[in-house]
Amino acid sequence: MTDAPLPRAFFDRPVELVAPDLLGRVLTHDTPSGTVAVRVTETEAYAGPLDPASHAYRGRTPRVEVMFGPPGHAYVYFTYGMHFCVNLVCGPPGTASAVLLRAGEVVAGAETAAARRLRSSARDLARGPARLCQALGIVREHNGLDVCSGGPLRISSGDSAPASVLSGPRVGVSSAKDVPWRYWIEDDPFVSPYRAHVPRRRRPGAAGKSVP
DNA sequence: AGGGGGATCTCCT
DNA sequence: GGAGATCCCCCTA
């Protein structure tokens, strides 16, 4: 295992390459109430202004300013009046693409995470994008943090690459449903439960187009 | 200035 | 399986 942060170059690539590569990586957050670490099991890729499902679709607005900045920073947004979700920005400045962290397994600081998620089972502590943020203590003020520079919010390579990665349509988006840019670790119990999966084996270089 | 919709979660039936 | 919670953002007038 290594605790060294992923290099910024890791994120300076096309988002559909970064998203599957983030599976198995470990996101860690130090706060006064404790340190929590999550092994990522599920991600989604959102491309820039040309992706109708992306928050950057309507161009550069105050909310998505971080998306248009340099790679390796956290884009945190607030939704449904009560939840936060976290993305990691990809590509050169101006690209405005990002990977949503949809689910993970708490691998350190489970007591701290459980205190933030009062009625959650151990399995559900970070099993969903808003649950993951709550378990890690990620809120609005963490928008824009650099995860590559060894700060309080950082991502490291993790123990090992997942054995098998599947991909399918993104969750909860009302446009570009056919783009299979959701990625998850096959048979991992910490993948989010909210939509039936339409499993499809991901082949090298196959990201971007779907088949019924 | 108003309004519609949202990359969700939890509890209830 | 379904509705309610509950704020913010952005578009339109």
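Proteins come first, then strands; the chains are lettered A, B, ... in the order of their sequence lines, and each starts at number 1.
- When Watson-Crick and G-U wobble pairs are counted only if both distances are under 3.5 Å, C:dT6 pairs with no nucleotide at all.
- The CG atom of A:Leu88 sits 14 Å away from the C1' atom of B:dA7 (whole-angstrom rounding).
- The side chain of A:Phe78 sits closest to C:dC8 out of B:dT10, C:dC8, B:dA7.
- One atom, CD of A:Glu42, and another, C1' of B:dA7, lie 11 Å apart when rounded to the nearest Å.
- Not a single donor-acceptor pair, N or O on each side, falls under 3.5 Å between the base of C:dA5 and the side chain of A:Tyr80.
- In this structure, CG of A:Asp124 is placed 11 Å from P of B:dC11, rounded to the nearest angstrom.
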Apply side-chain contact (heavy atoms from CB on, under 4.5 Å) to A:Ser157 and A:Leu6, showing your working.
CA-CA 6 Å; A:Ser157 62; A:Leu6 292 173; 3.9 Å; yes
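- Taking atom CZ of A:Phe84 as the reference point, atom C1' of C:dT6 lies 12 Å away to the nearest angstrom.
- Residue-level contact check: A:Arg119 touches the backbone only, with heavy atoms under 4.0 Å from sugar-phosphate atoms and none from bases.
- Contact check on A:Asp188 versus A:Arg127 returns no salt bridge, with no Lys/Arg side-chain nitrogen under 4.0 Å from an Asp/Glu carboxylate oxygen.
- With both pairing distances under 3.5 Å, B:dA7 is matched to nothing as a Watson-Crick or G-U wobble pair.
- Distances shown here put every side-chain N or O of A:His55 at or beyond 4.0 Å from the OP1 or OP2 atom of C:dC9.
- A salt bridge links A:Asp51 with A:Arg170; the closest basic N to acidic carboxylate O contact falls under 4.0 Å.
- As rounded to whole Å, 14 Å separates atom P of C:dC9 from atom CD of A:Glu65.
- In this model, the phosphate group of B:dA7 is not approached by any side-chain N or O of A:Arg182 to a distance below 4.0 Å at OP1 or OP2.
- Counting only heavy atoms from C-beta on, A:Arg58 has its side chain closest to C:dC11 among C:dC9, C:dC11, B:dT8.
- The side-chain tip of A:Arg13 points at the ring of A:Phe10 from less than 6.0 angstrom away and within 45° of straight on.
- A sub-4.0 Å separation between OP1 or OP2 of B:dC9 and a side-chain N or O of A:Arg127 is absent.
- Taking 4.0 angstrom as the limit, A:Arg117 places none of its side-chain polar atoms (N or O) nearer than this to OP1 or OP2 of B:dC9.
- Nearer to the 5' terminus of DNA chain C, by closest-nucleotide assignment, is the contact made by A:Met82 (compared with the other of A:Met82 and A:Arg140).
- Aromatic pair A:His83/A:Phe78: centroids not less than 6.0 angstrom apart.
- The distance from atom OH of A:Tyr77 to atom P of C:dC7 is 18 Å, rounded to the nearest whole Å.
- The side chain of A:Met67 lies closest to B:dA7, out of B:dA7, C:dC10, B:dT10.
- The interatomic distance linking A:Leu132 (CG) with B:dA7 (C1') rounds to 13 Å, in whole Å.
- Atom NE2 of A:His83 is separated from atom P of C:dA5 by 13 Å (rounded to the nearest Å).
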